[in-house]
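Data block below; observations after.
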2 protein chains.
Amino acid sequence: MLFAKAIADETRQEIMGHLCCVWLSVNDVVERLGGRVSQPTVSHHLKILQEADLVLVRQEGRQRFYTLNQARLTVCCGTLLRTFAPDYAGEAPAIRPDTIVGPDADS
Amino acid sequence: MLFAKAIADETRQEIMGHLCCVWLSVNDVVERLGGRVSQPTVSHHLKILQEADLVLVRQEGRQRFYTLNQARLTVCCGTLLRTFAPDYAGEAPAIRPDTIVGPDADS
DNA sequence: ACATTATATAGACGATTGTCAATATGTCAA
DNA sequence: TTGACATATTGACAATCGTCTATATAATGT
């Protein structure tokens, strides 16, 4: 489960928080981390998040904008619940009917 | 979030799978892992899961029985959803009304 | 008290991970 | 084409992590 490893790091969680509901360029993210993390490190974390499909990317000119993939995160939580909390996961997953999500096919 | 780090390891996930819905002694877990992991390693993983409150423990004679804490896992998934997928977490969390869960107070 | 069984802890070691500085790649403007 | 800017990649290094063997602790029975 790439998802679990992706969310396991605190810096990554902080980045995810900043990318929630908004599109930010890499440098925007670096700035919001208050200079505590270098640009290459942020790029590195974004790559890991991308491999877990936890961020969406949009290129615009020379900058690249990222945002949190909430749909994917919701699917992963659903999988987690159905796998490890079957006694609590009876209710339908909290996914909007009109939402298109990719396959849940990480190992 | 101790939760995220706890579920990030594959061996731990496998242990969680075995502890889902059943109580197992440490040696039971070791056996179900097919001898791939030593007893001290299993104890180590169980300790990490316990620190994240993801397992419940019951002592009986000289053996200690563990089971997955599904309620806790459900709470953590709820926190995750509300934090990182607020646009999808509108629905009520999938927690039974009569369920008693501890405070969600990991960092 | 001693041996036996079940689990936990300590210490060591290799593998993985997070980080940075340096550099490469890519994009646009002059 | 050259320079400036934005991001990605490389290589190195320290820190963390997963694993093992050896040993300690705890509980039970003889």
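Computed over heavy atoms, backbone and side chain alike; hydrogens, waters and symmetry mates excluded. Reminder, nothing fancy here: chain letters follow the sequence lines and each chain counts from 1.
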Could you check how far [atom1] of [X] sits from [atom2] of [N], rounded to whole Å?
| X | N | atom1 | atom2 | result |
| --- | --- | --- | --- | --- |
| R58(B) | dT7(C) | CZ | P | 12 Å |
| Q50(A) | dT9(D) | CD | C1' | 14 Å |
| L49(A) | dG18(C) | CG | P | 11 Å |
| L33(B) | dT19(D) | CG | C1' | 13 Å |
| E60(B) | dT7(C) | CD | C1' | 15 Å |
| I48(A) | dT17(C) | CD1 | P | 8 Å |
| H45(A) | dT16(C) | NE2 | P | 18 Å |
| E14(A) | dG18(C) | CD | C1' | 14 Å |

Salt bridge E14(A)-R36(A), side-chain N to carboxylate O under 4.0 Å: yes

I want to check one thing: is the phosphate of [N], taken as OP1 and OP2, less than 4.0 Å away from some side-chain N or O of [X]?
| X | N | result |
| --- | --- | --- |
| R64(A) | dA8(D) | yes |
| Y66(A) | dA6(D) | no |
| N27(B) | dT5(C) | no |
| T41(B) | dT19(D) | no |
| S25(A) | dA6(D) | no |
| R12(A) | dG18(C) | yes |
| T11(B) | dT19(D) | yes |

Donor-acceptor pair present, Q39(A) side chain and dA8(D) base, under 3.5 Å: yes

R62(B) (side chain) and dT4(C) (base): donor-acceptor pair under 3.5 Å: yes

V22(B) and L24(B), any side-chain heavy atoms less than 4.5 Å apart: yes

Pair R32(A), H18(A): side-chain N/O donor-acceptor within cut-off below 3.5 Å: no

Distance-only donor-acceptor check, side chains T74(A) and Q70(A), under 3.5 Å: no

Which nucleotide, [options], lies nearest any side-chain atom of [X]?
| X | options | answer |
| --- | --- | --- |
| H44(A) | dT7(D), dG18(C), dC20(C) | dG18(C) |
| V26(A) | dT7(D), dA8(C), dG18(C) | dT7(D) |
| D9(B) | dT7(D), dA8(C), dT19(D) | dT19(D) |
| P40(A) | dA8(C), dA6(C), dA22(C) | dA22(C) |

Sugar-phosphate, base or nothing in reach of V42(A), heavy atoms under 4.0 Å: nothing

Residue whose closest nucleotide on DNA chain C lies nearer the 5' end, Q59(A) versus V37(A): V37(A)

R12(A) side chain vs A6(A) backbone, donor-acceptor pair below 3.5 Å: yes

Side chain T41(B), main chain V37(B), donor-acceptor under 3.5 Å: no

